[in-house]
Amino acid sequence: MRKLYIDDMRRPYDTSWDLVKDTASAIEYVELFGCPDEISFDYCLADGKTIMPFVEWFIQKDKDSCGKFIPSNFRFIVHSSSSVGRAEVMRVLGNYLKSR
């Protein structure tokens with residue numbers, strides 16, 4: 001089971017999570033290992049960037065594979081302290097996963 005934790009400052013919940021700190025590293029991780037079983041997102045990343053470019057890339061990768069990239073048992077959480085950011089990730093990715 002692969003679990004990806006994306007955050008530039010915090011550490012994962014435990015050692016079962018793989019840590020990446022930015023969007024480019026998250027994309028590289030997914031390209032190398034495929035879709036993880038679970039992702040824990042931070043919204044705000046270094047240099048004023050957000051996780052949304054990764055979320056949009058992740059959704060597009062699934063669309064490009066006709067919905068076969070993200071498995072049906074995929075889970076995600078948003079551990080961000082930004083309530084607005086948390087809501088945006090939940091809305092965008094959550095709505096995509098419900099509608100595909």
Side-chain angles (χ1 to χ4, degrees):
M1 175 179 226
R2 288 213 175 269
K3 299 190 301 185
L4 179 59
Y5 190 91
I6 307 170
D7 197 309
D8 62 319
M9 295 180 66
R10 294 178 200 85
R11 296 288 172 239
Y13 310 109
D14 58 50
T15 58
S16 68
W17 292 83
D18 295 323
L19 172 65
V20 298
K21 296 185 175 195
D22 56 50
T23 296
S25 298
I27 290 171
E28 187 176 301
Y29 178 96
V30 171
E31 291 284 13
L32 183 62
F33 297 110
C35 184
D37 299 290
E38 187 171 355
I39 298 178
S40 185
F41 294 98
D42 186 18
Y43 180 75
C44 299
L45 301 174
D47 300 327
K49 296 180 181 175
T50 73
I51 195 60
M52 293 312 295
F54 173 79
V55 171
E56 292 163 7
W57 173 85
F58 190 65
I59 289 170
Q60 189 59 51
K61 186 154 183 76
D62 191 62
K63 287 179 179 179
D64 291 347
S65 72
C66 299
K68 295 179 181 174
F69 177 70
I70 302 174
S72 60
N73 63 343
F74 171 77
R75 298 181 318 179
F76 74 97
I77 49 180
V78 186
H79 64 265
S80 179
S81 59
S82 167
S83 59
V84 172
R86 190 170 43 253
E88 183 171 359
V89 175
M90 296 296 289
R91 179 184 60 79
V92 172
L93 186 52
N95 286 345
Y96 172 73
L97 292 172
K98 287 177 191 173
S99 68
R100 68 179 177 130

Item checked: Spacing of CD1 belonging to I51 relative to OG1 belonging to T23, to within rounding of 0.5 Å -> 4.5 Å
Notebook entry, point to check: Can you tell me how far the CG atom of L97 sits from the CE atom of M90, to the nearest 0.5 Å?
Noted result: 10.0 Å
Are [Y] and [X] connected into the same hydrophobic cluster when the rule is that any two of I, L, V, M, F, W, Y join if their side-chain heavy atoms are below 4.5 Å apart?
{"X": "I70", "Y": "M52", "answer": "yes"}
{"X": "V92", "Y": "I39", "answer": "yes"}
{"X": "L32", "Y": "F74", "answer": "yes"}

Considering all heavy atoms of both residues, which atom of [X] and which atom of [Y] are nearest to each other, and what is their separation?
{"X": "A26", "Y": "I6", "answer": "CB-CD1, 3.9 Å"}
{"X": "F69", "Y": "G34", "answer": "CZ-C, 4.0 Å"}
{"X": "S80", "Y": "C44", "answer": "OG-N, 4.4 Å"}
{"X": "L4", "Y": "P36", "answer": "CB-CG, 4.0 Å"}

Notebook entry, point to check: Mind checking what makes side chain to side chain donor-acceptor pair (under 3.5 Å) contact with D14, not counting sequence neighbours?
Noted result: S16
Check: Can you list the residues that meet the side chain to side chain donor-acceptor pair (under 3.5 Å) rule with S65, with sequence neighbours excluded?
Finding: none
Notebook entry, point to check: Looking at side-chain heavy atoms only, is the closest gap between P71 and C35 below 4.5 Å?
Noted result: yes
Check: Do L45 and T50 have side-chain heavy atoms sitting under 4.5 Å apart?
Finding: no
Next item on the list: If a pair satisfies salt bridge (Lys or Arg N to Asp or Glu O under 4.0 Å) and one of its residues is in residues 86-100, list it, with sequence neighbours excluded.
Entry: D62-R100
Item checked: Contact list for residues 16-27, test salt bridge (Lys or Arg N to Asp or Glu O under 4.0 Å), sequence neighbours left out -> R2-D18
Margin query: With side-chain contact (heavy atoms from CB on, under 4.5 Å) as the criterion, how do Y13 and I77 come out once you've worked through the C-alpha distance, each side chain's angles and the decisive distance to 0.1 Å?
Written below: CA-CA 12 Å; Y13 310 109; I77 49 180; 3.4 Å; yes
Notebook entry, point to check: Linking Ile, Leu, Val, Met, Phe, Trp and Tyr through side-chain heavy atoms less than 4.5 Å apart, which residues share a cluster with M9?
Noted result: none
Next item on the list: For Q60, check side-chain contact (heavy atoms from CB on, under 4.5 Å) against everything at least two apart and list the hits.
Entry: K63, D64
Report the residues that fulfil salt bridge (charged side-chain N to carboxylate O under 4.0 Å, His left out) with [X], sequence neighbours left out, ordered by chain and then residue number.
{"X": "D37", "result": "none"}
{"X": "K61", "result": "E31"}
{"X": "E56", "result": "none"}
{"X": "R10", "result": "D7, D42"}

Checklist line | Lys/Arg N to Asp/Glu carboxylate O, K3 vs E38, below 4.0 Å | finding: no
Next item on the list: Return each pair, listed once, that meets ring pair (Phe, Tyr, Trp, His ring centres under 6.0 Å) where at least one residue sits in residues 75-100; pairs must be two or more places apart or across chains.
Entry: Y5-H79
Margin query: Test: ring pair (Phe, Tyr, Trp, His ring centres under 6.0 Å). Region: residues 19-45. Which pairs qualify, not counting sequence neighbours?
Written below: Y29-F33
